[in-house]
Visitor: 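Dropping a structure here in structure tokens format, bear with me for questions.
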Amino acid sequence: MSCVVAVVGATGVVGREMLRTLEQRNFPATEVRALASPRSAGRRIPFRGGEIEVQPVSPEAFEGVRFALFSAGAAASREIGPVAASKGAVVIDNSSAWRMDPEVPLVVPEVNMAAAKHRPRGIIANPNCSTIQMVVALKPLHDAAKITHVVVSTYQATSGKGHAAMEELIAQTTEVGAGKGATVKVFPGQIVGNLLMDWKPGPDDYSEEELKMVNETRKIMGDANMGVSPTTVRVPVITSHSESVHVQFARPMFAEEAKRLLEHAPGVVLVSSAYAPGNHPQPIHVAGTDAVYVGRVRNDLAVKGAINMWIVADNLRKGAALNAVQIAEELLKTEPAA
Ligand SMILES: NC(=O)c1ccc[n+]([C@@H]2O[C@H](COP(=O)([O-])OP(=O)(O)OC[C@H]3O[C@@H](n4cnc5c(N)ncnc54)[C@H](OP(=O)(O)O)[C@@H]3O)[C@@H](O)[C@H]2O)c1
């Protein structure tokens with residue numbers, strides 16, 4: 001049976017990771033189309049031992065497509081997503097364009113796959129990368145003891161801002177290492193040897209990224225009252241976001257129980273050893289892997305029955321490409337003949 005997949009934004013960091021993920025997981029695609037802007041038309045991208053040629057996005061490019069995986073920015077998703085859906089494709093969109101639309105499910109397979117069934121627009125949204133890894137770890141704890149409040153500080157990699165941002169960190173590292181000044185184009189300042197908050201401003205002095213974490217967490221977890229207090233920070237890391245997370249519950253939850261729950265949670269790798277220097281999930285070890293790594297699970301010293309933990313995941317894989325491909329894989333199981 002034919003299963004054509006279109007990857008929109010195939011030349012970007014997430015798009016390329018999508019192609020890698022489809023290949024590595026042997027996704028049963030009969031054809032994969034690599035789509036991007038007219039700038040990239042004709043470029044060739046390695047895939048399954050050969051190459052596929054990048055085509056410019058057009059309505060015709062979605063003819064016969066079963067899954068259209070979008071990672072081309074919110075403007076492109078808003079404009080082209082509905083076109084792909086009107087051609088019969090299930091659109092799985094990585095941008096922020098549709099995430100909070102009440103007619104678009106916001107899905108992390110380990111948490112709320114059932115939501116993907118109801119998609120009146122033909123679009124399923126992939127959450128923000130920081131939110132995905134957090135909710136994968138929160139889900140088993142919420143099911144057991146109902147989370148009332150989460151305080152999260154993020155340490156987000158440069159690849160989360162796209163290809164050009166990742167390249168800027170690499171270029172600045174060379175410049176600063178050679179004793180030169182850092183050239184700043186993508187970030188609002190030097191990122192090497194520094195921390196930045198580079199997201200657009202939102203209401204109430206929060207960044208848009210912080211508000212995404214609040215709103216998306218509530219939507220995915222199905223709890224509009226869950227307290228979420230975020231601070232998002234960009235760090236000079238290439239890939240993998242890290243998060244320091246404090247969690248409070250409707251009834252006391254202690255570290256031992258949390259570890260037991262996390263040990264068996266889908267998509268989670270628990271690093272359960274006691275604190276020792278360097279003995280924690282680290283971005284460079286996690287990059288290129290699929291799981292959400294949770295370590296440093298410990299009782300809060302001031303709030304009895306609350307826990308603290310450290311969560312690390314590859315923002316390009318579980319935070320984007322892998323989550324989208326997993327959604328498509330799950331749909332193939334439940335809707336095989338669509
Ligand atoms: N990076 C992450 O960790 C991450 C995580 C979750 C979600 N996302 C989301 O994924 C999307 C892509 O991010 P990225 O990090 O991969 O960015 P990126 O590296 O800058 O790549 C952007 C891609 O979008 C394509 N594109 C841009 N405008 C287009 C248009 N009008 N029509 C067709 N294609 C167009 C680009 O094609 P050209 O090469 O032809 O310009 C390129 O393939 C964004 O919406 C982002 O918010 C990213």
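Order of appearance sets the numbers: ligands from 1, and atoms from 1 within every ligand.
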Visitor: Taking distance alone, with no angle check, do Ser96 and ligand 1 share an N/O pair under 3.5 Å?
Guide: no

Visitor: Give the atoms of ligand 1, by number and element, whose distance to some non-hydrogen atom of Leu316 is under 4.0 Å.
Guide: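 Within the 4.0 Å cut-off of Leu316, ligand 1 contributes 1 (N), 2 (C), 3 (O).
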
Visitor: Near His163, which atoms of ligand 1 are under 4.0 Å from a heavy atom of that residue?
Guide: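 Those qualifying, in numeric order: 18 (P), 19 (O), 20 (O).
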
Visitor: Is the shortest distance from atom 42 (C) of ligand 1 to a protein heavy atom below 4.0 Å?
Guide: yes

Visitor: So which protein heavy atom does atom 17 (O) of ligand 1 come closest to, and at what separation?
Guide: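 Nearest neighbour among protein heavy atoms for atom 17 (O) of ligand 1, to 0.1 Å: Gly162 CA, 3.7 Å.
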
Visitor: Quick one: nearest non-hydrogen protein atom to atom 6 (C) of ligand 1, plus distance?
Guide: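 Scanning the protein heavy atoms, the shortest distance from atom 6 (C) of ligand 1 goes to Gly319 O, 3.6 Å.
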
Visitor: Could you pull out, from Ala324, Ala72, Ala164, the option with a heavy atom nearest to atom 27 (C) of ligand 1?
Guide: Ala72

Visitor: How far is atom 31 (N) of ligand 1 from the closest protein heavy atom, and which atom is that?
Guide: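 That would be Ala76 CB, 4.0 Å.
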
Visitor: Is it true that the side chains of Thr158 and Glu168 contain a donor and an acceptor less than 3.5 Å apart?
Guide: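 No, because no side-chain N or O of Thr158 sits under 3.5 Å from a partner of the opposite role on Glu168.
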
Visitor: So Val247 and Met253, do their side chains get closer than 4.5 Å, heavy atoms only?
Guide: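 Result no, sub-4.5 Å side-chain heavy-atom pair not found.
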
Visitor: Which residue and atom name correspond to the protein heavy atom nearest atom 21 (O) of ligand 1, and how close is it?
Guide: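 Protein heavy atom with the smallest distance to atom 21 (O) of ligand 1: Gly12 CA, 3.1 Å.
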
Visitor: Do Pro127 and ligand 1 have an N or O pair less than 3.5 Å apart?
Guide: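 No, since none of the N or O atoms of Pro127 sits under 3.5 Å from an N or O of ligand 1.
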
Visitor: Please report which non-hydrogen protein atom sits nearest to atom 13 (O) of ligand 1, along with the residue it belongs to and the distance in Å to one decimal place.
Guide: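 The answer is Val14 CG2, 4.2 Å.
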
Visitor: Which option, Gly160, Ala320, Ser240, owns the non-hydrogen atom nearest atom 5 (C) of ligand 1?
Guide: Ala320

Visitor: Answer side chain, backbone, both or neither: which part of Val57 comes under 4.0 Å from ligand 1, heavy atoms only.
Guide: side chain

Visitor: Is the shortest heavy-atom distance from the side chain of Thr154 to the side chain of Met134 under 4.5 Å?
Guide: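 Result no, sub-4.5 Å side-chain heavy-atom pair not found.
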
Visitor: Measuring from Leu262:CG to Arg260:CZ, what's the distance to the nearest 0.5 Å?
Guide: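 Here the interatomic distance stands at 11.0 Å.
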
Visitor: Would you tell me whether Gln156 and Asn315 have side-chain atoms, one donor and one acceptor, within less than 3.5 Å of each other?
Guide: no

Visitor: Working to the nearest 0.5 angstrom, can you tell me the gap between Ser272 OG and Glu263 CD?
Guide: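 CD of Glu263 is found 6.5 Å from OG of Ser272.
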
Visitor: Using the ring of each side chain (for Trp, its six-membered ring), is Tyr155 parallel, tilted or perpendicular to Trp310, with breaks at 30° and 60°?
Guide: perpendicular

Visitor: Among all protein heavy atoms, pick the one closest to atom 23 (C) of ligand 1 and tell me residue, atom and distance.
Guide: Ser71 O, 3.7 Å

Visitor: Which heavy atom of the protein is the closest neighbour of atom 39 (O) of ligand 1, given with residue, atom name and distance?
Guide: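 Answer for atom 39 (O) of ligand 1: Thr11 OG1, 2.5 Å.
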
Visitor: Rounded to the nearest 0.5 Å, what separation is found between the CG atom of Leu332 and the CD1 atom of Ile327?
Guide: 12.5 Å

Visitor: Report the distance from atom CG of Asn112 to atom NZ of Lys139, rounding to the nearest 0.5 Å.
Guide: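 Reported to 0.5 Å precision, the distance equals 8.0 Å.
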
Visitor: Check Glu63 against Arg33 and note the closest heavy-atom contact, atom names and distance.
Guide: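 Nearest heavy atoms, Glu63 then Arg33: O-NH1, 2.8 Å.
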
Visitor: Among protein heavy atoms, which lies nearest atom 46 (C) of ligand 1, and at what distance?
Guide: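 Checking every protein heavy atom, the shortest distance to atom 46 (C) of ligand 1 gives Asn94 O, 4.6 Å.
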
Visitor: At under 4.0 Å between heavy atoms, is it the side chain or the backbone of Ser77 that contacts ligand 1, or both, or neither?
Guide: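 Ser77 to ligand 1: no contact under 4.0 Å from either part.
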
